Amino acid sequence: MSGSEEAQASKTNTDPKDESLKFALALSLLRSKLHQNQPPPLSNLSDSDALRWKRKAKERKQEILRLREDLKEAEDASQCDLFPKSASCKCYFFDNLGKLSPKRLEVEDGSDRRFNDVLRRRFFRQVRSKERRRRTNGSIQRRQLSDLNADDETEQLRASVDFLVELCDTVSNVEESSFTNWAHQAVDFILASLKNLLPTGKNMELIEGIVSSLIMRLVRRMCSPLKLDESLDTDSDAQFYVQHLIRKLGSEAYIGQRTILSVSQRISVLAESLLFLDPFDEAFPNMHECMFTLIQLIEFLISDYLLMWSRDEGFDQMLFEEWVASVLHARKALELLESRNGLYVLYIDRVTGELSKQVSQSSSLQKLKPEILDKLFQ
């Protein structure tokens, strides 16, 4: 073999090694550059940077937990019973439904306070869920209750009133445990809110508007006619249950006195309508039933609470005088219907008789105008 051929063969044999060497050098340079571009480890960061990143991580974790809680509440409210039987109300809230109480129920002694606190928190979550769905649907543009300050009792009162009225309007069976549980909690929540709000003397016009709306809407529901898909028994039960809710709310004089005034005025209007209504008119049976329900509600409120109201330092004497005069005017309006149905007059006479009995037992209730007292005791 010649010298030129050996040199060429040697060059050919060393080419693969040279290529491998070049590739290894290039790879080493690339790794060196990548290593230089990497951020320094956490240990090399300053203390302020480390604290900032830890704080951001903690805030993000709290935000995720809040979102999970809101999602769970929304799912529970829409997919399952928020008030399981294992934590249902074990009181006697709907005892004496449609009956005169032999004596006023004693105030709770607080022995089940821890259990009642659980029910109160669950009710508050249910109200928040209702507010959230209402806002999501866009039917009513209001701030969510969850966005409000926890001390905003007025807004909590408004939301609780809306919740109770909506519950009464949408319930299909008033004997379901979910209705009785939530209705009781709503009533207690409304009464507790008023107990906190009234002594402050703030936002009284707003509070009176909320309470007046509550009375008007519940009385309207109590006297609402039958729906096409409801039986007579179902609607009658609903009327008695709503009447009982108003009766329980009336334990607070601020609600009870305004209820008697509103209901007695409604009786006078209803009596005038019945006077000129054909007894065979389709609306007559419901108006007839409504009349007795309204008179009975006044009787319940007077017999249950009037003496208790009169012992309250904040008892509104002017409002008392106003509704007594309104009840007497309602009795006069019903006297015009005596030829059609004498039961109206007999029933309202029983109510005014109970009223005069209560007035005679309390000196604070006898501060009525002389002409009103004369009409009451004649």
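As the structure is a computational prediction, the values presented were derived from the model and not from experiment. Atom set for the values below is all heavy atoms of this structure, side chains included, hydrogens, waters and symmetry mates excluded. Position 1 is the first residue of the sequence; numbering continues from there.
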With side chain to side chain contact (heavy atoms under 4.5 Å, CB included) as the test, would you mind laying out the steps for Ile246 and Ile255 before giving the verdict? CA-CA 9 Å; Ile246 303 173; Ile255 297 179; 6.0 Å; no
Can you tell me how far apart CD (Gln296) and CD1 (Ile298) are? Round to the nearest 0.5 Å. 11.0 Å
Are the side chains of Met287 and Ser273 in touch, meaning some heavy atoms are under 4.5 Å apart? yes
So Lys195 and Leu191, do their side chains get closer than 4.5 Å, heavy atoms only? no
Close side-chain approach of His244 and Phe300, heavy atoms under 4.5 Å: no
So, for Phe189 and Ser160, which heavy atoms are closest and what is the spacing to 0.1 Å? CD2-OG, 2.9 Å
Rounded to the nearest 0.5 Å, what separation is found between the CD atom of Glu299 and the CZ atom of Arg350? 4.0 Å
Can you pull out every disulfide (SG to SG under 2.5 Å) where at least one residue sits in residues 283-313? Sequence neighbours excluded, please. Cys223-Cys290
Between CG on residue Leu164 and NE2 on residue His184, distance to nearest 0.5 Å: 12.0 Å
Honestly curious: do Leu343 and Val345 fall in one hydrophobic cluster under the side-chain, below-4.5 Å linking rule? no
Transitively linked via ILVMFWY side-chain contacts under 4.5 Å: Tyr241 with Met216? no
Find out whether Leu218 and Cys168 are in side-chain contact, i.e. whether some heavy atom of one side chain is under 4.5 Å from a heavy atom of the other. yes
Shortest non-hydrogen contact from Ser224 to Gln239? O-NE2, 3.8 Å
Where do Ala186 and Phe163 come nearest, in terms of heavy atoms and distance? CB-CD2, 4.2 Å
Between CG of Asp349 and CG of Leu355, what distance do you get to the nearest 0.5 Å? 12.0 Å
Heavy-atom distance under 4.5 Å between the side chains of Asp162 and Val165, does that happen here? no
Please tell me whether Ile348 and Leu346 are part of a single hydrophobic cluster in this structure, the criterion being side-chain heavy atoms less than 4.5 Å apart. yes
Flag the pair Arg247 / Gln243 as yes when at least one side-chain heavy-atom distance between them is below 4.5 Å, and no otherwise. no
Which of these passes side-chain contact (heavy atoms from CB on, under 4.5 Å) with Glu252: Ile190, Leu198, Val187? Leu198
So the side-chain hydrogen bond (donor to acceptor under 3.5 Å, both in side chains) pairs with at least one residue in residues 311-324 (sequence neighbours excluded) are Gln257-Trp323
Would you check if Gln358 and Tyr305 make a side-chain contact, meaning some heavy-atom pair closer than 4.5 Å? no
Examine Phe284 and Phe276 and state if one hydrophobic cluster contains both, with Ile, Leu, Val, Met, Phe, Trp and Tyr joined whenever side-chain heavy atoms are less than 4.5 Å apart. yes
For Trp309 against Gly250, the heavy-atom pair lying closest together: CZ2-O, 3.0 Å
Pairs in or reaching into residues 323-335: which pass salt bridge (Lys or Arg N to Asp or Glu O under 4.0 Å), with residues at least two apart or in two chains? none
Could you grab the distance from atom CE of Met222 to atom CG of Leu245, nearest 0.5 Å is fine? 11.0 Å
Begin from the C-alpha positions of Lys375 and Val324 and carry the test side chain to side chain contact (heavy atoms under 4.5 Å, CB included) through to its verdict. CA-CA 10 Å; Lys375 291 180 181 179; Val324 169; over 6 Å; no
Which pair of heavy atoms, one from Ile372 and one from Ala325, lies closest together, and at what distance? CD1-CB, 4.2 Å
Working note: Gln265 + His329, criterion side chain to side chain contact (heavy atoms under 4.5 Å, CB included); need CA distance, chi angles, decisive distance, verdict. CA-CA 8 Å; Gln265 292 172 346; His329 182 268; over 6 Å; no
For Arg258, is there any backbone N or O sitting under 3.5 Å from a side-chain donor or acceptor partner on Ser262? no
Pair Leu376, Leu328 - check side chain to side chain contact (heavy atoms under 4.5 Å, CB included), show working. CA-CA 7 Å; Leu376 182 60; Leu328 295 175; 4.2 Å; yes
Should Glu155 and Arg158 count as an ion pair when the cut-off is N to O under 4.0 Å? yes
Flag yes if Val359 and Met308 sit in one hydrophobic cluster, no otherwise; membership is Ile, Leu, Val, Met, Phe, Trp, Tyr, and two members link when side-chain heavy atoms are under 4.5 Å apart. yes
With heavy-atom distances below 4.5 Å as the criterion, would you say the side chains of Ile260 and Val327 are in contact? yes
Those residues that, when tested against Ser362, pass side chain to side chain contact (heavy atoms under 4.5 Å, CB included) (two or more places apart): Leu307, Ser310, Ser364, Leu365
How are the rings of Phe315 and Phe320 set relative to one another: parallel (under 30°), tilted (30 to 60°) or perpendicular (over 60°)? tilted
State yes or no: are the ring centers of Tyr344 and His288 separated by less than 6.0 Å? yes
Does anything in residues 262-288 form a salt bridge (Lys or Arg N to Asp or Glu O under 4.0 Å)? List the pairs, not counting sequence neighbours. none
Output side-chain donor-acceptor pairs under 3.5 Å for residues 202-212, partner residues at least two apart or in another chain, one line each.
from   : atom 1 : to     : atom 2 : distance (Å)
Ser212 : OG     : Glu208 : O      : 2.8

Distance from Asn341 atom CG to Leu274 atom CG, nearest 0.5 Å? 9.0 Å
